[in-house]
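In what follows, a structure is listed as structure tokens, so that the remarks can point back to it.
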Protein chains: 2
Amino acid sequence: MITLKDIAKECGVSTATVSNILNGKNKVSEETRDRVLKVVKDRGYKLNYVAQGLRRQKTQTIGVIAEDIAQFTTPEIIEGIMEVCEERGYRTIVQNLRLYARWQDLWFDNDKMYYSVMNPAVQEMASIRVDGIVYVAGHARKIHRFPNDYQIPSVLAYAYSQEEEVPSVVIDDEEAARVAVDYLVKRGHTKIGVMAGEQENIHTKLRILGYQKALYDAGILYNPELVTYAGWGKELSYNAAEALLSKDITAIFSMSDRNAGGIYKYLFEHGKQAGKDISIIGFDDEMISDFMTPGLTTMKIDLLGIGKKAIEMLFDKMEGKEVSKEIKMPCRLIERASVGRI
Amino acid sequence: MITLKDIAKECGVSTATVSNILNGKNKVSEETRDRVLKVVKDRGYKLNYVAQGLRRQKTQTIGVIAEDIAQFTTPEIIEGIMEVCEERGYRTIVQNLRLYARWQDLWFDNDKMYYSVMNPAVQEMASIRVDGIVYVAGHARKIHRFPNDYQIPSVLAYAYSQEEEVPSVVIDDEEAARVAVDYLVKRGHTKIGVMAGEQENIHTKLRILGYQKALYDAGILYNPELVTYAGWGKELSYNAAEALLSKDITAIFSMSDRNAGGIYKYLFEHGKQAGKDISIIGFDDEMISDFMTPGLTTMKIDLLGIGKKAIEMLFDKMEGKEVSKEIKMPCRLIERASVGRI
DNA sequence: TTGTATGCGTTATCAA
DNA sequence: TTGATAACGCATACAA
């Protein structure tokens, strides 16, 4: 592989001069610049970032640590991060912890498991000498002890940071839920059930709060019996659908599109339809919501925006600017056909 | 940041000794090893991969160039690549060309557009001095002129290579289609329509071939009038559904789950059901197929397997082993409820 | 078993 | 405007 030294020799100049030219320092004459640039091009010379990184002590690289790129939220968040990095001339290197693929949800409360994968990943990033780290969580929770021994500027995306120096970007679950339920209320629904996610999950708790808020604003009494916890998948939700539907309700706030899918399945098997026999609003705007029949009205998460915001905060931090401790990104209502009027 | 030299000084040994210990060379006494290792641990010393890469002329890093990680096939392929890389102690660095995000499908036939993004990406990988490259395509097509000026061992995943030195891993479209249609035939269907993808697309052409093969094997005459081209999305397929359904058919081979979704929508609006009024088999096994009502029987693509196979071929290449020019990965039938018997 | 010295490809300092 | 030289952190050949 051709090096800077080769170019220098071929041009009859010093390596310092070639380096200066390549880095746009203007202490070189037009003439030598042109000559060198021509040779660089002809020989197809390419800078060695490894050597540059060593000398500069700066790799111009952002590390992304993803809990699992197979989580539906993750690729789009990373897409947002990469888009901004590219604009700013930064490279991106992705570490995939594959936490869900390894252990499903067993790692949630198992620090030993978690850190057995997380620590090496951070060390890896440190060894590569990335200039900053974006940690992309698979679902919202409080992350404490973010290993910051290496003094690398870091930002959390899609989870809440417990450490002062690590800011985070999350979705505004409570407000999004309030908007969703308010949408039902505005269409005349007052008896509104909830197909909730995992009971201990932060998303779940905050969305319950938003649900309460919307009811309160409308002067409707909160009735805990109308809230069913069914995890995040289709199956549990399907199993819970019958009991929930047998209650005296006209609409359901489903905390994920997948949960809504379980209800749809139940309805289908009993010859009923969302939007007609019962109103349903989902959450996530996963692709499935556009493929369910009828289309599922739902709350869209701005994943791209989360990624962009997170990396922008990281750059601000790297430049020593003041950054907010936590940013809540709004969700957007996507209207389809699963909600009717009373 | 603490360096190898610091450790050496603290232990009163030379850097060479520390390096030898860290690299598991057994020309060191137990005693000094233990002493050094203790200091390494206490001080939290971490190797600098940048320096190591420079010295070794080997970065222990695999570059992944993805046409777009937002394509539904891509994250899982990357997941497979990363899993194997991790086992072998290789790092992974991902470049996301964001081709679809930038230009939808305009870049397919526009070499200038394509290489304006592709060439810098490859140069980037070259500058990082990755040991090998896996290129992950967003959809199957023939890729010529894979820029291999840098002599970096490379492999194509999910597209066909036109270059002798670049092997590829693709899905066996023809056989998968044959299996799908045969499944319909075995259930008594003889009048089988096709909701096909983009006409010029390789997936489309090969699957048509598979369709023909299955018909031929069953002694059914191929009738081109039963084949409708509708792109890969839901909308065009929905628009084409009426005409296709009005033909004298009892089943449809849909070349993507999304296409099947368009048919479902049409059926739903006309009070009909897949599996009862018409049989449908899809392709891809995207998540939507499990959420459609009734569940869509479909062909699952082994994306994880494609990723693993591709990276394994790359390692073989890097080790100078002989590798096949092209590997076709089989698809698997996933039975749900959208196909009935005649 | 351990240490010395050199070089990987680049950038930065300083002198010319 | 240009060049000589040192240094970044590590691995290795060779000497001790």
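Chain naming here is simple, since letters A, B, ... match the order of the sequence lines and numbering starts at 1 in each. No hydrogens, no waters, no symmetry mates; every other heavy atom, side chains included, goes into these values.
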- Message: Without decimals, in angstroms, what is the distance between A:Leu22 CG and C:dA12 P?
- Response: 13 Å
- Query: Any side-chain N or O of A:Ser14 under 4.0 Å from OP1/OP2 of D:dT2?
  - Reply: no
- Note on the structure: In whole angstroms, the gap separating P of D:dC10 from NZ of B:Lys5 amounts to 10 Å
- Item | Whichever of B:Gly12 and B:Gln57 has its nearest DNA chain C nucleotide further upstream toward 5' | B:Gly12
- Item | Separation of atom CD in B:Gln60 from atom P in C:dC8, rounded to whole Å | 21 Å
- Query: Is it the case that A:Arg88 places NZ or CZ above or below the six-membered ring of A:Phe315, under 6.0 angstrom from the centre and within 45 degrees of the axis?
  - Reply: yes
- Task: May I ask you to evaluate whether A:Ser29 reaches the phosphate of D:dT2, defined as a side-chain N or O under 4.0 Å from OP1 or OP2?
- Result: yes
- Is the shortest distance from a Lys or Arg side-chain nitrogen in A:Glu30 or A:Arg35 to a carboxylate oxygen in the other one below 4.0 Å? no
- Query: Among C:dC8, D:dA11, C:dT2, which nucleotide sits nearest the side chain of B:Gln52?
  - Reply: D:dA11
- Choose from C:dA12, D:dA13, C:dC8 the nucleotide whose nearest atom is closest to any side-chain atom of A:Ala16. C:dA12
- Item | Salt bridge flag under 4.0 Å for residues A:Glu86 and B:Arg98 | yes
- Query: Which part of the nucleic acid, if any, lies within contact of A:Val50, taking any heavy atom under 4.0 Å across all strands shown: a base, the sugar-phosphate backbone alone, or nothing?
  - Reply: nothing
- Message: Can you tell me if A:Thr3 touches the phosphate of C:dG9, counting only side-chain N or O atoms and a distance under 4.0 Å to OP1 or OP2?
- Response: no
- Query: Quick one: is B:Thr17 getting a side-chain N or O under 4.0 Å of the C:dG3 phosphate, OP1 or OP2?
  - Reply: yes
- Query: A:Arg43 has an atom CZ; how far is it from atom P of C:dG9, in whole Å?
  - Reply: 14 Å
- What pair of heavy atoms forms the shortest contact from A:Gly307 to A:Ile81, and how long is it? O-CG1, 3.5 Å
- Message: Please report the distance, rounded to the nearest Å, between CD in A:Glu31 and P in D:dT1.
- Response: 12 Å
- Message: Nearest heavy atom decides the nucleotide; on that basis, is B:Thr15 or A:Asn48 closer to the 5' end of DNA chain C?
- Response: B:Thr15
- Is a donor-acceptor contact shorter than 3.5 angstrom present between the side chain of A:Arg55 and the base of C:dT10? no
- Query: Within this structure, what is the CG-to-P distance between B:Leu54 and D:dA11, rounded to whole angstrom?
  - Reply: 11 Å
- Would you kindly give the CD1-to-C1' distance between B:Ile2 and D:dC10, to the nearest whole Å? 15 Å
- Query: At under 4.0 Å between heavy atoms, what does B:Lys25 touch on the DNA or RNA strands: base, sugar-phosphate, or nothing?
  - Reply: sugar-phosphate
- Task: Quick one: label B:Asn23 by what it contacts on the DNA or RNA (base, sugar-phosphate, nothing), any heavy atom closer than 4.0 Å.
- Result: sugar-phosphate
- For D:dT2, does OP1 or OP2 lie under 4.0 Å from any side-chain N or O of A:Thr32? yes
- Message: Between B:Arg43 and B:Asp6, is the salt bridge (charged side-chain N to carboxylate O under 4.0 Å, His left out) condition met? List the steps.
- Response: CA-CA 10 Å; B:Arg43 304 290 306 264; B:Asp6 299 328; over 6 Å; no
- Task: Kindly indicate whether the side chain of B:Arg56 and the base of D:dA11 share any N or O donor-acceptor pair separated by less than 3.5 Å?
- Result: no
- Item | Note: A:Lys38-A:Asp34 ion pair, threshold 4.0 Å (strictly below) | no
- Message: Measure NZ/B:Lys46 against P/D:dC10 and give the value in whole Å, please.
- Response: 11 Å
- Message: What contact category does A:Leu47 fall into here, base, sugar-phosphate, or nothing, at under 4.0 angstrom with non-hydrogen atoms?
- Response: sugar-phosphate
- Task: Identify whether any heavy atom of A:Tyr45 sits under 4.0 Å from a base atom; if not, whether one sits that close to sugar-phosphate; answer base, sugar-phosphate or nothing.
- Result: sugar-phosphate
- Query: Across the strands shown, which category fits B:Ser19 at heavy-atom distances under 4.0 angstrom: base, sugar-phosphate, nothing?
  - Reply: base
